[in-house]
Amino acid sequence: MMRTRPLKVALLGCGVVGSEVARIMTTHADDLAARIGAPVELAGVAVRRPDKVRGGVPAELITTDATALVKRGDIDVVVEVIGGIEPARTLITTAFEHGASVVSANKALLAQDGASLYAAAEQHGQDLYYEAAVAGAIPLIRPLRESLAGDKINRVMGIVNGTTNFILDKMDSTGAGYQEALDEATALGYAEADPTADVEGFDAAAKAAILAGIAFHTRVRLDDVYREGMTEVTAADFASAKQMGCTIKLLAICERAADGGSVTARVHPAMIPLSHPLASVREAYNAVFVEAEAAGQLMFYGPGAGGSPTASAVLGDVVAVCRNRLNEATGPGESAYTQLPVSSMGEVVTRYHISLDVADKPGVLAQVATVFAEHGVSIDTVRQQGKDGEASLVVVTHRAPDAALSGTVEALRKLDTVRGVASIMRVEGE
């Protein structure tokens with residue numbers, strides 16, 4: 001039997017995502033009520049600019065006083081889609097204090113201060129759900145928190161930023177340079193006027209911190225994530241990748257150490273074999289590849305951003321939280337029981353693709369090989385081309401600690417016969 005008193009939802013933010021949340025709540029009200037077991041009512045919408053036209057949102061619901069809205073006491077669920085650290089953090093904790101559960105899409109806040117938000121939710125007996133914070137519409141957080149809760153996850157590797165994937169895909173498919181591909185992404189609305197958060201990997205790093213924390217049941221903060229942007233990737237890098245049967249993606253990689261005693265989280269461009277499922281992810285789509293002990297290899301794929309896809313994830317959380325409230329229960333909270341240390345990037349074991357500009361004369365290859373040997377890095381393949389006294393030397397290594405590879409590169413720069421290091425890129429997915 002359906003409860004007649006509606007569950008009340010307060011919406012913080014009514015931009016691209018918030019307006020879609022409001023629209024879906026209104027147009028699908030009957031379906032949502034049937035799925036939850038009670039009507040759901042949009043009780044208030046907090047915005048910064050009240051005069052802006054917002055189709056489908058009754059004017060009487062609009063307020064600029066977000067604090068008063070979350071303090072009302074009759075609100076069941078607060079949906080936070082304003083982003084940033086403050087005032088979002090204070091509004092979320094205030095919501096908990098006044099008896100409301102929270103659904104958030106705020107990856108930056110969760111990556112920086114998720115532990116304190118979890119603690120506040122637990123203290124006040126409320127839910128904290130955030131499916132929309134990573135990979136848009138793709139069901140990912142809930143499968144990691146719930147469906148795979150009985151398994152041991154060893155690795156999570158994915159494309160979690162649509163803007164960077166669009167740019168790299170265009171560079172790969174058309175031969176365009178970075179700036180040309182970025183200009184196209186901006187014109188099509190995939191890139192912001194200031195794309196720094198995307199192209200420098202900040203957005204993906206926040207998502208990596210969230211994924212690593214859930215996957216490995218340990219606290220991983222944004223500061224723990226190694227981050228490297230993709231602005232230095234060139235058409236020449238793609239040409240080299242193609243010669244290896246690879247393409248280039250900006251990857252978020254979270255993995256458990258071989259001995260199980262630590263974890264790492266990192267974001268950087270990498271060459272990946274065309275045979276790997278992530279290599280075929282095109283345009284602005286996202287995909288996350290999960291490796292679990294019992295389940296094996298799983299891949300989650302779909303639109304990773306945009307108003308409607310992200311709103312879909314938000315509303316899925318709203319339904320789950322509302323069901324919990326009807327049952328006077330809460331869903332899963334923070335699981336950080338392992339308390340594993342987060343290792344530095346230097347301890348990560350990976351492969352490298354290194355392109356060198358060298359003098360075209362006898363003995364250069366021997367010198368270069370000696371440097372690799374002195375640093376304990378084994379060479380897999382070498383390709384050399386020379387003309388008019390200059391040459392290019394491409395070295396692909398076997399797996400080795402990142403610190404050893406970095407030390408190798410620094411030593412190579414000091415060789416008189418090495419004119420410069422044209423590019424350095426990790427090789428993943430093998």
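Just so you know, these numbers use all the heavy atoms, side chains as well, and skip hydrogens, waters and symmetry mates.
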Taking side chain as C-beta onward, heavy atoms only, is [X] less than 4.5 Å from [Y]?
| X | Y | answer |
| --- | --- | --- |
| Tyr178 | Met171 | yes |
| Ile167 | Val199 | yes |
| Thr67 | Leu91 | yes |
| Gln126 | Thr330 | no |
| His353 | Cys246 | no |
| Thr174 | Glu180 | no |
| Thr264 | Glu347 | no |
| Ile248 | Phe238 | yes |

Between [X] and [Y], which heavy-atom pair has the shortest distance, and what is it?
| X | Y | result |
| --- | --- | --- |
| Asp151 | Glu293 | OD1-N, 3.5 Å |
| Ala208 | Val225 | CB-CG1, 4.2 Å |
| Ala181 | Ala176 | N-CB, 4.4 Å |
| Ala95 | Val102 | CB-CG2, 3.9 Å |
| Pro269 | Gly229 | CG-O, 3.3 Å |
| Ala252 | Val160 | CB-CG2, 3.9 Å |

Original post:
How are the rings of Tyr337 and His217 set to each other: parallel, tilted or perpendicular (split at 30° and 60°)?
Top reply: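 Tilted.
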Going by distance alone, is a donor N or O of one side chain under 3.5 Å from an acceptor N or O of the other, for [X] and [Y]?
| X | Y | answer |
| --- | --- | --- |
| Thr186 | Asp183 | no |
| Thr90 | Glu86 | yes |
| Ser423 | Asp237 | yes |
| Thr247 | Asp172 | yes |
| Thr196 | Asp194 | yes |

First locate atom [atom1] of [X], then atom [atom2] of [Y], and finally report the distance between them rounded to the nearest 0.5 Å.
| X | Y | atom1 | atom2 | result |
| --- | --- | --- | --- | --- |
| Glu20 | Ser312 | CD | OG | 10.5 Å |
| Arg221 | Leu110 | CZ | CG | 12.0 Å |
| Leu117 | Arg89 | CG | CZ | 8.0 Å |
| Leu168 | Leu182 | CG | CG | 11.0 Å |
| Ile82 | Asn106 | CD1 | CG | 7.5 Å |
| Ile141 | Lys207 | CD1 | NZ | 10.5 Å |

Please check this pair: side chain of [X] against backbone of [Y], looking for a donor-acceptor N/O pair closer than 3.5 Å.
| X | Y | result |
| --- | --- | --- |
| Asn165 | Glu283 | yes |
| Thr338 | Phe216 | yes |
| Gln112 | Ile85 | no |
| Ser101 | Val77 | no |
| Asn327 | Ala329 | no |
| Asp402 | Val349 | no |
| Ser104 | Tyr130 | no |
| Arg145 | Pro332 | yes |
| Glu184 | Ala187 | no |

Please check if atom [atom1] in [X] has more than 12 non-hydrogen atoms from other residues, nucleotides or ligands closer than 6.0 Å.
| X | atom1 | result |
| --- | --- | --- |
| Tyr285 | OH | no |
| Glu146 | CD | yes |
| Arg48 | CZ | no |

Original post:
Step by step, would you call Glu428 with Arg399 a salt bridge (Lys or Arg N to Asp or Glu O under 4.0 Å)?
Top reply: CA-CA 10 Å; Glu428 298 287 347; Arg399 290 170 61 82; 5.2 Å; no
**OP:** Report yes or no: is the cationic atom of Arg155 (NZ for Lys, CZ for Arg) under 6.0 Å from the centre of the six-membered ring of Phe289, at an angle within 45° of the ring normal?
**Re:**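 Checked: cation-pi criterion not met.
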Original post:
Just checking, Arg323 and Tyr129: is the charged tip under 6.0 Å from the six-membered ring centre and within 45° of the axis?
Top reply: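 So Arg323 doesn't make the cation-pi contact.
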Subject >> Partner of Met157 by side-chain contact (heavy atoms from CB on, under 4.5 Å), out of Arg266, His276, Lys249 >> reply: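 That would be His276; it is the only one of Arg266, His276, Lys249 passing the side-chain contact (heavy atoms from CB on, under 4.5 Å) with Met157.
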**OP:** Run the salt-bridge test on Asp127 and Arg325 with the 4.0 Å N-O cut-off and return the result as yes or no.
**Re:**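 Looking at Arg325 together with Asp127, the answer is no, because their closest N to O distance does not fall below 4.0 Å.
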Subject >> Cationic N near anionic O, under 4.0 Å, Asp74 to Lys8 >> reply: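 Judged by the 4.0 Å cut-off on N to carboxylate O distance, Asp74 and Lys8 do form a salt bridge.
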Subject >> Residues Leu109, Ile92; criterion side-chain contact (heavy atoms from CB on, under 4.5 Å); working and verdict >> reply: CA-CA 10 Å; Leu109 178 57; Ile92 288 173; 3.8 Å; yes
**OP:** Could you give me the CA-CA distance, side-chain angles and deciding distance for Lys71 and Glu97, then say whether salt bridge (Lys or Arg N to Asp or Glu O under 4.0 Å) is met?
**Re:** CA-CA 8 Å; Lys71 282 184 173 182; Glu97 292 166 1; over 6 Å; no
Subject >> Worked verdict on Val81 versus Leu12 for side-chain contact (heavy atoms from CB on, under 4.5 Å) >> reply: CA-CA 6 Å; Val81 288; Leu12 307 183; 5.9 Å; no
Subject >> Test side-chain contact (heavy atoms from CB on, under 4.5 Å) applied to Glu131 and Leu140, step by step >> reply: CA-CA 7 Å; Glu131 184 67 64; Leu140 182 60; 4.0 Å; yes
Subject >> Residue pair Arg426, Glu228: steps toward the salt bridge (Lys or Arg N to Asp or Glu O under 4.0 Å) verdict >> reply: CA-CA 11 Å; Arg426 296 172 183 85; Glu228 189 179 309; 3.0 Å; yes
Subject >> salt bridge (Lys or Arg N to Asp or Glu O under 4.0 Å) between Asp317 and Arg142, worked out >> reply: CA-CA 9 Å; Asp317 279 351; Arg142 192 172 289 111; 2.6 Å; yes
Subject >> Derivation of the side-chain contact (heavy atoms from CB on, under 4.5 Å) call for Tyr301 and Asn286 >> reply: CA-CA 6 Å; Tyr301 169 85; Asn286 284 192; over 6 Å; no
